[in-house]
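When a residue number appears, it is its place in the shown sequence, counting from 1. The structure presented is a predicted model; accordingly, all values stated were derived computationally and were not measured. Basis for what follows: all heavy atoms, side chains included, without hydrogens, waters or symmetry-related copies.
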Amino acid sequence: MNVTLRQLRAFVEVVRTGGFTAAARKLHLTQSAVSLLVRELEGALRLKLIDRTTKRIAVTDAGGEFLLGAERILGDVEQAIANAQDLLQKRRGRVVVAATPLLAATLLPEVIAQFQHAYPEITVQLADLQTEQIVKLVQGADADFGVGVFPEPELDVDRVELLRHRLGVMVPSAWPLARRRRNLTWADLADQPMIAMSRGSGFGMLIDPLLHQAGIPIKPRFVVAYLATAVGLAEAGLGITVVPAYVGALLRSRRARFRVLYNPVVTRQVELITRPGRSLSPGAAAFRDELAARCKRLQG
């Protein structure tokens, strides 16, 4: 059975308007085209839906019963089209973002606020998670995209760079190391009380070899899992901690100062990851663009 929406719409309009001529005007078709569509529908159903006379039409019992279903189908299709247009025009929808705790607390709030002001009908959900959990959410299509640092090059995700910054050190503002005029090197960290990142954080795996290379024994005063915790300890004057430059830019701390580290200069990047082969909804794409613009301003 091959029933089309054009046939259903022709039948419903004939019944609603009370004739083929009026239905033809409503549908912007000829009267013969509308009549043909109704006959095709009756043929597909093998039911007489409308009795025709020279002066009027009459809906059959079968036609009256079929009319209810046809109107419901057309209504559902029209609603689906309206919903799709709402999504396209960003009048509705949902965006799910998964980000590391520091970025969720510093970078994302401003982006979400600006986005919600521009698109108040779109709901934004934010999940602050560790890197491996972010990857799982994105790969499982439970998040539109993830934001963080993903050192594993073989991850099965699509990646876009958002931020690239040099590594440096957060030093309590009152310490001489924070006010030293010349550039700081990794060797300058020797004999300083260190606040280190645990290897489980991923960042520790990047920093430890650099400290070894500079000949600095790794005997940290504190070992923590989150960058925000490390910076908080530095702000309290309890030690120094190696962080990317964007951490200093985002936190805007007055109690600790960020200094770039040289010899060697090491960069680190924040990426946006998405599931391969999955298209973003119009709302998610708009949020991604807002986030990219914010990162560009921060980078510049």
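Atom-to-atom distance recorded for L47:CG and E65:CD is 9.5 Å, nearest 0.5 angstrom. Atom-to-atom distance recorded for L8:CG and E13:CD is 12.0 Å, nearest 0.5 angstrom. Interatomic distance, CH2 of W175 versus CZ of R180, reported as 12.5 Å (0.5 Å rounding). Annotation: the span from L41 atom CG to L36 atom CG amounts to 11.5 Å, rounded to 0.5 Å. Within the model, atoms OG1 of T123 and CD of Q116 stand 7.0 Å from one another, a figure rounded to the nearest 0.5 Å. With rounding to the nearest 0.5 angstrom, the CG atom of L272 is 5.0 Å from the CG atom of L162.
Considering every non-hydrogen atom in both G283 and I122, the closest pair reads CA-CD1, 3.8 Å. In plain terms, the two heavy atoms of L107 and C295 that are nearest each other are CD2-SG, 3.9 Å. Taking both residues in full, the closest heavy atoms of L137 and A98 are given as CD2-CB, 4.3 Å, listed atom of the first, atom of the second, then distance. Taking every heavy atom of both residues into account, P109 and A104 meet most closely at CD-O, 3.2 Å. Of all heavy-atom pairs spanning S198 and A225, the tightest one is OG-CA, 3.7 Å. Considering all non-hydrogen atoms of both residues, A143 and R278 come closest at O-NH1, 3.2 Å.
Under the 4.0 Å criterion applied to side-chain N and carboxylate O atoms, E42 and R39 are not assigned as salt-bridge partners. The pair R182-D188 meets the salt-bridge criterion, since a charged nitrogen lies less than 4.0 angstrom from a carboxylate oxygen. Salt bridge D142/K136: absent, no basic N to carboxylate O contact under 4.0 Å.
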Legend entry - L261 and L189: CA distance, side-chain angles, deciding distance, side-chain contact (heavy atoms from CB on, under 4.5 Å) verdict: CA-CA 10 Å; L261 288 170; L189 305 186; 4.0 Å; yes
Inset, instruction - Show your working on side-chain contact (heavy atoms from CB on, under 4.5 Å) between I195 and I240 and close with a plain yes or no. - result: CA-CA 6 Å; I195 303 162; I240 63 172; over 6 Å; no
Legend entry - R6 and L29: CA distance, side-chain angles, deciding distance, side-chain contact (heavy atoms from CB on, under 4.5 Å) verdict: CA-CA 11 Å; R6 293 185 75 233; L29 297 172; 3.9 Å; yes
Inset, instruction - Give the intermediate values and the outcome of side-chain contact (heavy atoms from CB on, under 4.5 Å) for residues V231 and V247. - result: CA-CA 9 Å; V231 173; V247 173; 3.8 Å; yes
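With hydrogens and angles disregarded, a donor-acceptor distance shorter than 3.5 Å links the side chain of R52 to the backbone of I50. Proximity of a side-chain donor or acceptor of R9 to a complementary backbone N or O of L74 within less than 3.5 Å is not detected. Listed for the Q114 side chain is no donor-acceptor partner under 3.5 Å among the backbone atoms of V111. Between the side chain of T100 and the backbone N or O of Q130, no donor-acceptor pair lies under 3.5 Å. Under a 3.5 Å cut-off, the side chain of W186 and the backbone N or O of N263 do not form any donor-acceptor pair. With hydrogens and angles disregarded, no donor-acceptor distance shorter than 3.5 Å links the side chain of R268 to the backbone of A245. Under the 3.5 Å distance criterion, the side-chain polar atoms of R294 are left unmatched by any main-chain donor or acceptor of E110. Put simply, the side chain of R257 gets close to the backbone of A178: a donor and an acceptor are under 3.5 Å apart.
Partners of T60 by side chain to side chain donor-acceptor pair (under 3.5 Å), not counting sequence neighbours: none found. Applying the side chain to side chain donor-acceptor pair (under 3.5 Å) test to S279 and every residue at least two apart in sequence or in another chain returns nothing. Residues that satisfy the side chain to side chain donor-acceptor pair (under 3.5 Å) test with R166, not counting sequence neighbours, are Y262. With sequence neighbours excluded, no residue forms a side chain to side chain donor-acceptor pair (under 3.5 Å) with E290. By the side chain to side chain contact (heavy atoms under 4.5 Å, CB included) test, T106 is found to be paired with L102, L250, L251, residues two or more places apart in sequence or in another chain being considered.
Hydrophobic clustering (side-chain heavy atoms under 4.5 Å, transitive across Ile, Leu, Val, Met, Phe, Trp, Tyr) groups V243 together with F222. V149 and L155 fall into different hydrophobic clusters, where Ile, Leu, Val, Met, Phe, Trp and Tyr residues are linked whenever their side-chain heavy atoms come under 4.5 Å apart, directly or through other members. The hydrophobic clustering, which links ILVMFWY residues whose side-chain heavy atoms are closer than 4.5 Å, places V15 and I73 together. In the hydrophobic cluster analysis, where Ile, Leu, Val, Met, Phe, Trp and Tyr join through side-chain heavy atoms closer than 4.5 angstrom, V260 is grouped together with Y246. L129 and V138 fall within the same hydrophobic cluster, defined by Ile, Leu, Val, Met, Phe, Trp and Tyr side-chain heavy atoms under 4.5 Å apart, directly or through other members.
I57 places none of its side-chain heavy atoms less than 4.5 Å from the side chain of D51. Using a 4.5 Å heavy-atom cutoff, the side chains of L103 and L108 are in contact. Looking only at side-chain heavy atoms (C-beta outward), F258 and V171 stay at 4.5 Å or farther from each other. For the pair F11/L37, no side-chain contact is recorded, criterion being any heavy-atom separation below 4.5 Å from C-beta on. No side-chain heavy atom of P101 sits less than 4.5 Å from a side-chain heavy atom of L227. Proximity of Q7 to V38: side-chain heavy atoms (C-beta onward) are nowhere separated by under 4.5 Å. A heavy-atom distance below 4.5 Å is found between the side chains of V14 and V34. Within the 4.5 Å cutoff, the side chain of M194 has heavy atoms near those of the V242 side chain.
Checked against a 6.0 Å centroid threshold, the rings of Y119 and F287 do not count as neighbours.
A side-chain donor-acceptor contact under 3.5 Å links E271 and Q269.
Within the structure, side chain to side chain donor-acceptor pair (under 3.5 Å) pairs that include any residue of residues 231-244 comprise E235-S253, E235-R255 (at least two apart or interchain).
Considering V96, V95, D144 as possible partners of Q125, the one that fulfils the side-chain contact (heavy atoms from CB on, under 4.5 Å) test is V96.
Heavy-atom neighbours of D76 CG from other residues, nucleotides or ligands within 6.0 Å: above the threshold of 12.
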